[in-house]
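Down below is the structure, laid out as structure tokens.
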Amino acid sequence: MTCQECQPLAIDLARGVPPFGVGGAVQRADVLSHVATCKRCAQWLREQEALSEALRAAAEADASLAAPPSVEANVMAAWRARQAQRPLPVANADRTTPLVATSTSDRPGARPRAYAKEVPEGRTRIAKARAFRPTWRAGRAAAFAVAATIVIAALTMVSLRWLNPSPAVDGRTNNAANPSTAPAAPTALPPMNGRPDERAGVREAARVTRAGTNAAVVEVLPDKGTKTTKGRPAPRGANVTRAAHATRRGNTTRTTRAASVTRGASEFSGPAFVLLPYVEPLRPTEMRHIMRVRMPRPQVAAGGLQEGSADDAVLADVLVGEDGTARAVRIVQ
Amino acid sequence: MPASLTDEELLSAAFAGDERAFGELYRRWQGPMFRFARQMCGLDGAAEDVVQEVFVALIENGGQFDPSRGPLAAWLYGVARYQARRRLRADGRYTALDEDRVDADDDGVNGDETYGDGMHGDGMHGGGMHGGGMIRGGVIGGVVDVNMDVAAVLDRRLSIDLVHRLVLTLPVLYREALVLCDLHELGYAEAAAALGCPVGTLRSRLHRARALLAEKLRTGAARRGIA
């Protein structure tokens, strides 16, 4: 007998089961004779005997384990409900079994496993909890789909911003392109450093969002409350169709109108923005808004942006970041 | 209800409408089903669920039970095995069934995770130990012997709790065979019927399970310096 033949039989020998129980005397003798001459198999047999003893002790320790009474109550309720549902009349079946919702155990929050419902005919029927269980696989798949959609959307936004940068809105770029343009003093444009919607005279705001970019162009006319949407240079010079939503508010009426405007890239070309001092530059992924405002010319001159002392106003574009802080300005006319 | 009635006779009487027969059947088998599920899953709550599922399945499908295809015990163990696997799969604790991957799984379960709780867990400090006085502070006392074997470890009456924990680390295929044959003391034919495999396959799985268990005991003892 080889070791390979001996070891499986040694397990049976250690467990005391057939073929060594009855009629296995020959095999038993063979195993024992091999074990007597093979140290490795002798150790194997000794280990298996010890293991059998330990497993028997474990089985004896578990012998008193039983399901709690609540499980029996649930099972018997399910049994009675099932019997009441049987088409043929059966003995000992209670046809007036009330509504029973069996639960797995007495633990709080335990999921019901079986239900017995009363139906109008006074009979009962049982429905396994399987029908009531949430479909965890479907839930997991839905969660995965939602997460994938969010990730794809985020990647799309980032890539579009990267592909369509705002050429005239980055103050650092503008400074590099116009080194002769001195930045304005911080006190020159105080109204631009506040939140746009907090400024006096700003009554309405119109927003234009162009597909592929996050920039919005807004013109604010502080006196009349009217406004016009303006575009912004298209990065690649192509015509851009925009939807402009303008809102006019009167004393008692409110009107919303939308216009689709097609503009050429040249229409939006103009002087570069000048970065305002003492403000943080825009982050590459930050949402940007351009607000067109009418500023008093002396105020503009005080900021060093334009000469002049006349009382008329100057149209200017203010670049506003996500936090509502003005970051850069350019004089339109 | 006479206790001498066989399972099949009780089942027939139950499906003829005798509630007492079904109750007797439940009381006869709820314990083994509960123990089997607990030994497979390691949790009381899971075992309760499995027991209930087994008997709900008996209520729904017991009418079609065919005694010629095997004893009722094998059918009940088969259902319990299926439900335990479902539970393990749902809990993410289902060890690979593919025998080709068993060796890889063994590497995983032989780590500290396997023995950490078993050797130092609370179970070792309580009444789970046999041969009191062997455990001090969660570590088995005695002289460290690198050449110790499983028998030496078990001669020191290692805790039953540790045996249960190590059984739970076995791959499910082997765990089933070990639990049915050694903890429930089913015969090879009955266990093979419950598992739906030939007797030879069952014996092979049992052989592998016991070898793995011995290896885990030996490795765990060596890592902890137990002799």
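In what follows, every heavy atom counts, from backbone to side chain, and hydrogens, waters and symmetry copies are set aside. Chain naming here is simple, since letters A, B, ... match the order of the sequence lines and numbering starts at 1 in each. Computed from a prediction, not measured in an experiment: that's the story for all the values here.
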Most contacts with chain A, counted as non-hydrogen pairs under 4.5 angstrom, among B:Gly31, B:Pro32, B:Ala14:
B:Ala14

Correct closest heavy-atom pair for A:Gln83 and B:Gly17 would be NE2-CA, 3.5 Å

Note: A:Arg15 and B:Tyr188 closest approach over all heavy atoms is NH1-OH, 3.1 Å

What distance do B:Arg203 atom CZ and A:Asp12 atom CG have between them, rounded to the nearest 0.5 Å?
4.0 Å

With a sphere of 6.0 Å drawn around CD of B:Gln64, does it hold more than 12 non-hydrogen atoms of other residues, nucleotides or ligands?
yes

Need one label for B:Ala37: side chain, backbone, both or neither, based on atoms under 4.5 Å from any heavy atom in chain A.
neither

Residues B:Gln30 and A:Ala67: closest non-hydrogen pair is OE1-N, 2.8 Å

Between A:Pro68 and B:Tyr26, what is the shortest heavy-atom contact and its length?
O-OH, 4.5 Å

Any heavy-atom pair between the side chains of B:Leu213 and A:Leu55 that's under 4.5 Å?
yes

Nearest 0.5 Å, what's the CZ-CG distance between B:Arg38 and A:Asp62?
6.5 Å

Which value, rounded to the nearest 0.5 Å, describes the distance between A:Arg56 atom CZ and B:Leu183 atom CG?
11.5 Å

Would you say OH of B:Tyr82 has more than 12 non-hydrogen atoms from neighbouring residues, nucleotides or ligands within 6.0 angstrom?
no

Any side-chain heavy atom of B:Arg210 sitting closer than 4.5 Å to one from A:Glu47?
no

Reported CE-to-CD1 distance for the pair A:Met76 and B:Ile59, which is rounded to 0.5 angstrom:
8.0 Å

What heavy-atom pair brings A:Ala54 and B:Val163 nearest, and what distance separates the two atoms?
CB-CG2, 4.2 Å

A:Leu65 side, atom CG; B:Met33 side, atom CE - distance, nearest 0.5 Å
13.5 Å

Turns out that what part of A:Gln48 lies under 4.5 Å from chain B's heavy atoms comes down to both

A side-chain contact here means heavy atoms from C-beta on lying under 4.5 Å apart; do A:Val75 and B:Val51 qualify?
no

Where A:Ala63 and B:Arg35 come nearest, the two heavy atoms and their spacing:
O-NH1, 3.0 Å

Could you tell me the separation between the CG atom of B:Leu178 and the CG atom of A:Leu51, rounded to the nearest 0.5 Å?
7.5 Å

Mind checking whether B:Phe22 and A:Trp79 have parallel, tilted or perpendicular rings, split at 30° and 60°?
parallel

